[in-house]
Enquirer: 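Structure below; questions to follow.
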Amino acid sequence: MHSTVGVIGGGQLARMMIAPAVELGVTIKVLEEAPGMSAELAATGVGDYRDLDTVVEFAQTVDVVTFDHEHVPQHILRALVDAGVPVHPGPDALLYAQDKLLMRRKITELGLPSPDWAAIENAEELGAFLDAHGGRGVVKTARGGYDGKGVRVVDDKNGADDWFTALAEDGRGGSLIVEELVDFVRELAQQVARRPSGEIAVYPVVETVQKGGVCAEVIAPAPTAGDAVRDAAGPASATTVSDAAREIAVRVAEGIGVTGMLAVELFETRDGRVLVNELAMRPHNSGHWTQDGAVTSQFEQHLRAVLDLPLGSTRPRDPWTVMINVLGGPAGATLQSRYADAMAAHPAAKLHGYGKDSRPGRKVGHVTVSGESLEDVLTDARGAAAFFE
Ligand code: ADP
């Protein structure tokens, strides 16, 4: 068995892999981008993940390479593979988390449901799409977007001119994506883990609530997802939202050969369809609830998967778990300065801090609460999170 996992990127996802690695007795090493990042505790050095030599040198000290984010350039990933380093997820899969245009093409090719979409190279092409879709659409950059940056609702063919100009100036050319503005009733996320040897473990589908393009709350499992859907929801065989979500995620994981954790972000439409929004190939914000609410947390599961160990049970420990992100954190104070009050008032809440300074909008921690009644769990979790505003 491989026993040393190397994580590229020192953010909170890498940080949250440390505890399960310690518990399993697996060595974890982190290449952080700057000193003092969230995963500093396991950092063996500071280095630029865009520098081939830095990454190769780091990879030589571990048995398997995985990631805190999807930004490591393809040529570096391929060099690692060529050098015989196990990389999970591998470059052929990670490509679809790096480039939304390639992702849209692949999802369509796999016969899975997307919003109507098109690759566009200029304002005229955007205008033609808007005309055919009620005058509005969502324009996205193929690369480099996150937390809603690189996503814009437009109602005018010139609404993305600055992005076309930036693409042209970049010299690489390329396209933007435009999608229909989906009339969704809610957003969902479906996580699965897949081992290199092919085993797949499926988590319950969850409901995600975004504020300003950033994930704010997650409800696990998604309420009513087991109910029958009115219309054929995506894959023809699926009769419930949770079946549709599961089938989509398994087909994505197998279709693109993902190894490790995969999150498929989904829209549930007013007319009962389930559509793919985007993919993440690493532990994901929508899965933080599993730390306290599932038999196997997504962070342990990711380690198991990249080490090609048998996957753990995804069974929820309680009927409901709610996760609330702490966005921003208390101005001029640490999360920990509020712990005593929050803990005293909400003893059932589990508090997670990322070791980051407060900054408006920044994900600095999260709170989870599990229990029998969704209403009580929501109230408790929101109450606890409010201590960190
Ligand atoms: P990011 O990579 O920044 O997370 P996403 O593609 O997930 O970007 O989009 C961010 C948010 O924008 C989504 O969570 C959703 O709320 C909204 N959104 C994205 N695409 C569409 C769409 N086609 N129709 C309606 N809303 C959308």
Side-chain angles (χ1 to χ4, degrees), residues 11-13 16 146-149 151 182 184-191 203-226 241-242 245 249 261 263-270 274-275 277-278 280 282-294 297-299 314 316-330 335 338-339 342-343 345-354 356 358-389:
Q12 66 261 26
L13 301 177
M16 289 186 274
Y146 64 95
D147 283 350
K149 298 171 186 71
V151 174
V182 177
F184 58 80
V185 281
R186 59 177 172 173
E187 295 187 61
L188 304 167
Q190 175 66 65
Q191 286 195 298
Y203 282 89
V205 66
V206 301
E207 178 171 339
T208 63
V209 180
Q210 331 284 323
K211 289 189 184 139
V214 182
C215 176
E217 290 186 6
V218 171
I219 302 172
T224 72
V241 166
S242 64
M261 288 297 305
V264 183
E265 295 180 16
L266 301 159
F267 298 124
E268 182 181 336
T269 67
R270 206 163 296 282
V274 176
L275 307 176
N277 176 26
E278 69 166 341
R282 48 174 168 71
H284 189 247
N285 201 163
S286 65
H288 291 355
W289 71 275
T290 61
Q291 285 177 307
D292 306 304
S297 85
Q298 62 164 344
F299 300 100
T314 57
R317 293 182 184 274
D318 285 285
W320 299 104
T321 298
V322 167
M323 189 282 323
I324 315 253
N325 272 341
V326 177
L327 297 173
L335 280 192
R338 306 283 171 90
Y339 271 8
M343 287 174 175
H346 296 275
K350 307 298 279 184
L351 310 179
H352 299 260
Y354 305 157
K356 293 179 173 179
S358 297
R359 191 196 296 158
R362 190 181 207 195
K363 290 176 182 170
V364 293
H366 66 268
V367 173
T368 72
V369 178
S370 302
E372 299 281 329
S373 146
L374 177 55
E375 205 187 323
D376 292 349
V377 163
L378 262 175
T379 306
D380 203 4
R382 286 177 183 158
F387 280 85
F388 303 105
E389 278 164 8

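The analysis underlying the following values was restricted to heavy atoms, covering all of them including side chains, and did not include hydrogens, waters or symmetry mates.
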Enquirer: Does some side-chain heavy atom of V377 sit less than 4.5 Å from a side-chain heavy atom of T321?
Expert: no
Enquirer: Which residues pass the salt bridge (Lys or Arg N to Asp or Glu O under 4.0 Å) test with R338, sequence neighbours left out?
Expert: none
Enquirer: Which residues satisfy the side-chain contact (heavy atoms from CB on, under 4.5 Å) test with E278, sequence neighbours excluded?
Expert: K100, M103, E265
Enquirer: Residues two or more places apart in sequence or in another chain: which of them pass side-chain contact (heavy atoms from CB on, under 4.5 Å) with S242?
Expert: V205, A225, T240
Enquirer: Should V241 and L188 count as side-chain neighbours, where that means a heavy-atom distance under 4.5 Å?
Expert: yes
Enquirer: Looking at residues at least two apart in the chain, or sitting in another chain, which of them share a ring pair (Phe, Tyr, Trp, His ring centres under 6.0 Å) with H352?
Expert: H366
Enquirer: Report the residues that fulfil side-chain contact (heavy atoms from CB on, under 4.5 Å) with A349, sequence neighbours left out, ordered by chain and then residue number.
Expert: H346, L351, V367, V369, A384
Enquirer: Could you state the interatomic distance from CG (D318) to CG (L374), rounded to the nearest 0.5 Å?
Expert: 12.5 Å
Enquirer: CZ of F387 to CE of M343: how many Å apart, nearest 0.5 Å?
Expert: 12.0 Å
Enquirer: In chain order, what residues pass the ring pair (Phe, Tyr, Trp, His ring centres under 6.0 Å) check against Y203, with sequence neighbours excluded?
Expert: none
Enquirer: Supply the atom-to-atom distance M323 CE to S286 OG, rounded to the nearest 0.5 angstrom.
Expert: 8.0 Å
Enquirer: For R382, give me all partners under salt bridge (Lys or Arg N to Asp or Glu O under 4.0 Å), at least two apart in sequence or on another chain.
Expert: E217
Enquirer: Are the side chain of S358 and the backbone N or O of P330 linked by a donor-acceptor pair below 3.5 Å?
Expert: yes
Enquirer: Under the side chain to side chain donor-acceptor pair (under 3.5 Å) test, which residues partner Q298, sequence neighbours left out?
Expert: Q191, H288
Enquirer: If only side-chain N and O atoms count, and only distance matters, is there a donor-acceptor pair under 3.5 Å linking Q12 with K356?
Expert: yes
Enquirer: Q210: what forms a side chain to side chain donor-acceptor pair (under 3.5 Å) with it, not counting sequence neighbours?
Expert: T208
Enquirer: Compare all side-chain heavy atoms of P223 with those of W320 and state whether any distance is below 4.5 angstrom.
Expert: yes
Enquirer: I'd like to check the side chain to side chain donor-acceptor pair (under 3.5 Å) partners of S297; sequence neighbours left out, ordered by chain and number.
Expert: none
Enquirer: Could you report the tightest heavy-atom contact between G371 and P319, atom names first, then the distance?
Expert: O-CD, 3.5 Å
Enquirer: Which pair of heavy atoms, one from F388 and one from L335, lies closest together, and at what distance?
Expert: CE2-O, 3.4 Å
Enquirer: Verify, without hydrogens or angle tests, whether T290 (side chain) and G293 (backbone) share a donor-acceptor contact under 3.5 angstrom.
Expert: no
Enquirer: Can you list everything that forms a salt bridge (Lys or Arg N to Asp or Glu O under 4.0 Å) with E187? Sequence neighbours excluded, please.
Expert: none
Enquirer: Which atoms form the tightest heavy-atom contact between A245 and L266, and what is the distance?
Expert: CB-CD1, 3.6 Å
Enquirer: Between F299 and Q291, is there a side-chain heavy-atom distance shorter than 4.5 Å?
Expert: yes
Enquirer: Where do V322 and A381 come nearest, in terms of heavy atoms and distance?
Expert: CG1-CB, 3.9 Å
Enquirer: For L327, check side-chain contact (heavy atoms from CB on, under 4.5 Å) against everything at least two apart and list the hits.
Expert: V214, N325, K363
Enquirer: Do V182 and L275 have side chains that get closer than 4.5 Å, going by heavy atoms?
Expert: yes
